[in-house]
There are 2 protein chains.
Amino acid sequence: MEILIAEDEIRIADSLKKNFLQSGHHAIIAKDGEETLSMLHKIQFDLLLLDWRMPKLSGLEVCRKIRSGGSEIPIILLTALTDISNKVEALNAGADDYITKPFSFTEVMARINAVARRYKSSANSIVFGDNTLNLITRVVTTPKTQIKLTDKEFDLLKFFLDNRGIIISKELICEKVWNLPFSPKTNIVEAAVKNLRKKLEETTEQKFIKTIYGEGYIFFGD
Amino acid sequence: MEILIAEDEIRIADSLKKNFLQSGHHAIIAKDGEETLSMLHKIQFDLLLLDWRMPKLSGLEVCRKIRSGGSEIPIILLTALTDISNKVEALNAGADDYITKPFSFTEVMARINAVARRYKSSANSIVFGDNTLNLITRVVTTPKTQIKLTDKEFDLLKFFLDNRGIIISKELICEKVWNLPFSPKTNIVEAAVKNLRKKLEETTEQKFIKTIYGEGYIFFGD
DNA sequence: AAAGAAAATGAAAAAAATTTCATCATTCTT
DNA sequence: AAGAATGATGAAATTTTTTTCATTTTCTTT
């Protein structure tokens, strides 16, 4: 993949770039917001890793400009702060995901692989464990039976599968699966997870969705 | 495509074969039911055109045997009679479609192209007119807006799209979309067509689904 | 043009899916 | 171990989807 790293802290940027190269990807560094935008116009990237704090134009502003220009390039925001309003802002600005600093390279790679999987695959089924989700019919085929998923069950499972092995927060799920800005008044996510778990784990007798207390969920399976 | 023509009337079989060759397909003729089965075991075919009345084993019996053997090869039954019980029997036996004799070659080709399209394509969207149906999200993108389809709307539209340009009877729709043996007591098909038409034709201001009085529906668009 | 069959339609009914809410269980912090 | 926060859950409420039904419209045949 062709990755654009927008990060003004040279040490972080370099370290990321080196790691990407080792993983078989190609990365270019942009040092500020303006350079990021001009780079994007010149070269076709598959992913943008975008720092929140940057000179000239903040990551958030860059993100907004990219989306208002109609581009659908996957964007992962790197943010130094943990507080929720930041995350919500990030998603509202059009980011696909966010990672809070300090981050491990493993974490970054897991998310990048998710993006890669999502944008590469045109297959119409996804295998997890010894089950298969048919993306067209929305039927999960297990060794025992077949389970027909409802709309929301499908959307949620698909989101989990697209982000296997990554901790995903409820805010992100809410934003991506329901297209709602996360509001803590509701517990739709919990309820939907409950339904999906019941349907999935009751028949397969396996655990797929693990709860990470205070952080979100993580999906296991292959 | 590699097509097996199971037909004992030599004139019909030969004429079909000649036409297929001209359309760039390859066809082989089997003269009776037993030969059909043994051929299928020897060679990998993409489609079976199966006559209802044949020596040794009837088309229906052949059809049942093939399906009970687990094969999913597309089967189109050629039947001389028009009556409904025959059609229902055909579908119950595992046929994908049926054509009543006398048939025009154009009719046969239209159905064969449908089969080809269905089995070839692994794309996750279908274009019709200047609209696109995303098979994963089940959203139709028109030049004006986007329309999210419900379960049944999607299934029905998909079935129409897979069979563009072919008259499809309500029995067939009922059997394939609802997995129900057609019962004339209900008008689910009409109702579903109404809903789909409303949703689709209201926003696009185009006609896609034409009613063929006494025969069924036909979908235009491409 | 009239009669009869087939199809379309709006509204009601039924069924299914989704969300909310109150309560219970679990996990974390101290 | 207790208290506080977070997550799970069953049941009810709500919303959406699907189906039925009665009526109107359209089409075909005579």
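The chains referred to below are lettered A, B, ... by the order of the sequence lines, with proteins before strands, and numbering in each begins at 1.
Listed pair B:Lys170 / C:dA7 meets the phosphate criterion, a side-chain N or O lying under 4.0 Å from OP1 or OP2. In terms of phosphate contacts, A:Trp178 brings a side-chain nitrogen or oxygen within less than 4.0 Å of OP1 or OP2 of C:dT19. Distances shown here put a side-chain N or O of A:Thr186 below 4.0 Å from the OP1 or OP2 atom of C:dT20.
Protein atom OH of A:Tyr217 is 13 Å distant from nucleotide atom P of D:dT6, rounded to whole Å. The distance between atom CD1 of A:Ile188 and atom P of D:dT16, rounded to the nearest whole Å, is 13 Å. Atom NZ of B:Lys148 is separated from atom P of C:dA17 by 14 Å (rounded to the nearest Å). Residue B:Asp151 contributes atom CG, which lies 14 Å from atom C1' of C:dT18 at whole-angstrom precision. Distance, B:Glu190 CD to C:dA7 C1': 6 Å, rounded to whole Å. Spacing between atom NZ of A:Lys152 and atom C1' of D:dT17 amounts to 13 Å, rounded to whole angstrom units. Distance CG (A:Leu156) to C1' (C:dT19): 14 Å, rounded to an integer number of Å. Nucleotide C:dT18 holds its C1' atom 12 Å from the CG atom of A:Asp155, rounded to whole Å.
Residues A:Phe159 and A:Phe154 keep their aromatic ring centres 6.0 Å or farther apart. Two rings, from B:Phe20 and B:Phe105, have their centers less than 6.0 Å apart.
Applying the ring pair (Phe, Tyr, Trp, His ring centres under 6.0 Å) test to residues at least two apart or on different chains, the pairs with a partner in residues 124-151 of chain B are B:Phe128-B:Phe208, B:Phe128-B:Phe219.
Of the candidates C:dA8, D:dT20, C:dT20, the closest approach to any side-chain atom of A:Asn187 belongs to C:dT20.
The local environment of NZ in B:Lys176 is crowded, with over 12 non-hydrogen atoms from other residues, nucleotides or ligands closer than 6.0 Å.
Listed for the B:Glu201 side chain is a donor-acceptor partner under 3.5 Å among the backbone atoms of B:Ile209.
Nearest heavy atom pair, residue A:Pro143 against residue A:Asp130, reads CD-O, 3.4 Å. Between B:Leu78 and B:Asp51 the shortest heavy-atom distance is O-OD1, 3.3 Å. In plain terms, the two heavy atoms of A:Ala6 and A:Leu48 that are nearest each other are CB-CD1, 4.2 Å. In plain terms, the two heavy atoms of A:Leu16 and A:Leu49 that are nearest each other are CD1-CD2, 3.9 Å.
Remark: A:Lys198 engages no residue in a salt bridge (Lys or Arg N to Asp or Glu O under 4.0 Å) (not counting sequence neighbours). Scanning for side-chain hydrogen bond (donor to acceptor under 3.5 Å, both in side chains) contacts around B:Glu61 gives B:Ser58, with sequence neighbours left out.
Atom CH2 in A:Trp52 sits 9.0 Å away from atom SG in A:Cys63 (nearest 0.5 Å).
Listed by residue number, A:Lys194, A:Arg197, A:Thr211 are the residues of residues 191-212 of chain A with a heavy-atom contact under 4.0 Å to DNA chain D.
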**Report entry** Under 4.0 Å protein heavy-atom contacts per nucleotide of nucleotides 25-30 of chain D, with B for base, S for backbone only and - for none
**Finding:** --BS--
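Comparing the local axis fitted to the first five base pairs of the helix from C:dA1-D:dT30 to C:dT30-D:dA1 with the one fitted to its last five gives a bend of 40°, rounded to 10°.
As judged by a 4.0 angstrom heavy-atom cut-off over every strand, B:Phe154 is placed among residues making no nucleic acid contact.
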